[in-house]
Amino acid sequence: AQSVTQPDARVTVSEGASLQLRCKYSYSGTPYLFWYVQYPRQGLQLLLKYYSGDPVVQGVNGFEAEFSKSNSSFHLRKASVHWSDSAVYFCVLSAGTNAYKVIFGKGTHLHVLP
Amino acid sequence: DMKVTQMPRYLIKRMGENVLLECGQDMSHETMYWYRQDPGLGLQLIYISYDVDSNSEGDIPKGYRVSRKKREHFSLILDSAKTNQTSVYFCASIPGQGGTQYFGPGTRLLVL
């Protein structure tokens, strides 16, 4: 069965600190993986996506993620966070013969202390 | 400018009333989605629409139905709303299989 696990429901970091948000997926084939961000009272917006190739993908606002097939992971990173990065981050898997069906992690709520 | 719109943004209904949530997109995307979002549960898929009059149940379709008569519009209907359908509902569309989803701003529904 396909699944996405974000083990940290909430993460708190200080402004300027580095960040890693964890994502583990379960899928036997080659996944399409995404990170989306949701600011308060808004819809989700794409941060970055991985289809194939270089396992490190760059996204908007200084975010990057690294795909690891051996670890079934797609962790999100940022070298130095800003208070405006406070939001909910979702890891998403699109997989299988029906790649229209997407599976969302439950999200990680990031709180950046000013 | 690629955009997904949702109307209304906020809605209060009484239990047993009918609810119509509307979604529009200006990108000619074939595939559209309805999700609901509840605290601690992430997004749950209600329905997928692959094109006009081509709809498929998602993970939690019970109590909902959909209508897609034009490619750019996708409606979610709650016949006789229940209090446990209080939630935030999001519509999304994608340009192709496995593609980036474009989300609307959401509709906050309160069923009393």
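Residue numbering restarts at 1 for every chain, and letters A, B, ... go by the order of the sequence lines.
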Task: Portion of A/Q6 that has a non-hydrogen atom of chain B nearer than 4.5 angstrom - done: neither

- [ ] Can you measure from CD (B/Q101) to NZ (A/K49) and round to the nearest 0.5 angstrom?
- [x] 11.5 Å

Task: Straight-line distance of A/Q38 CD to B/F90 CZ, nearest 0.5 Å - done: 4.5 Å

Open item on the list: Counting C-beta onward and ignoring hydrogens, is there a side-chain heavy-atom pair between A/L44 and B/Y102 closer than 4.5 Å?
Closed with: no

Open item on the list: Working to the nearest 0.5 angstrom, can you tell me the gap between B/D59 CG and A/I103 CD1?
Closed with: 8.5 Å

Task: Contacting moiety of B/L45, where chain A heavy atoms sit under 4.5 Å - done: side chain

Open item on the list: Please classify the contact between B/Y10 and chain A as side chain, backbone, both or neither, with a heavy-atom cut-off of under 4.5 Å.
Closed with: side chain

Open item on the list: Quick check: is A/L46 connected to A/Y32 through a chain of hydrophobic side chains (ILVMFWY, heavy atoms under 4.5 Å apart)?
Closed with: yes

TODO: Below 4.5 Å from any heavy atom of chain A, which atoms of B/T100 appear? Answer side chain, backbone, both or neither.
DONE: both

Task: Within-4.5 Å side-chain heavy-atom neighbours: A/F104 and B/Q37 - done: no

Task: B/R9 versus A/R41, closest heavy-atom pair with distance - done: NH2-O, 3.9 Å

Open item on the list: Applying a strict under-4.5 Å side-chain criterion to I, L, V, M, F, W and Y, I'd like to know whether A/V4 and A/W35 cluster together.
Closed with: yes

Task: Over 12 foreign heavy atoms within 6.0 Å of NZ, A/K24 - done: yes

Open item on the list: Please determine whether residues A/L21 and A/V37 belong to a single hydrophobic cluster, defined as Ile, Leu, Val, Met, Phe, Trp and Tyr linked transitively by side-chain heavy-atom distances below 4.5 Å.
Closed with: yes

Task: Transitive ILVMFWY side-chain link B/I60 to B/W34, under 4.5 Å - done: yes

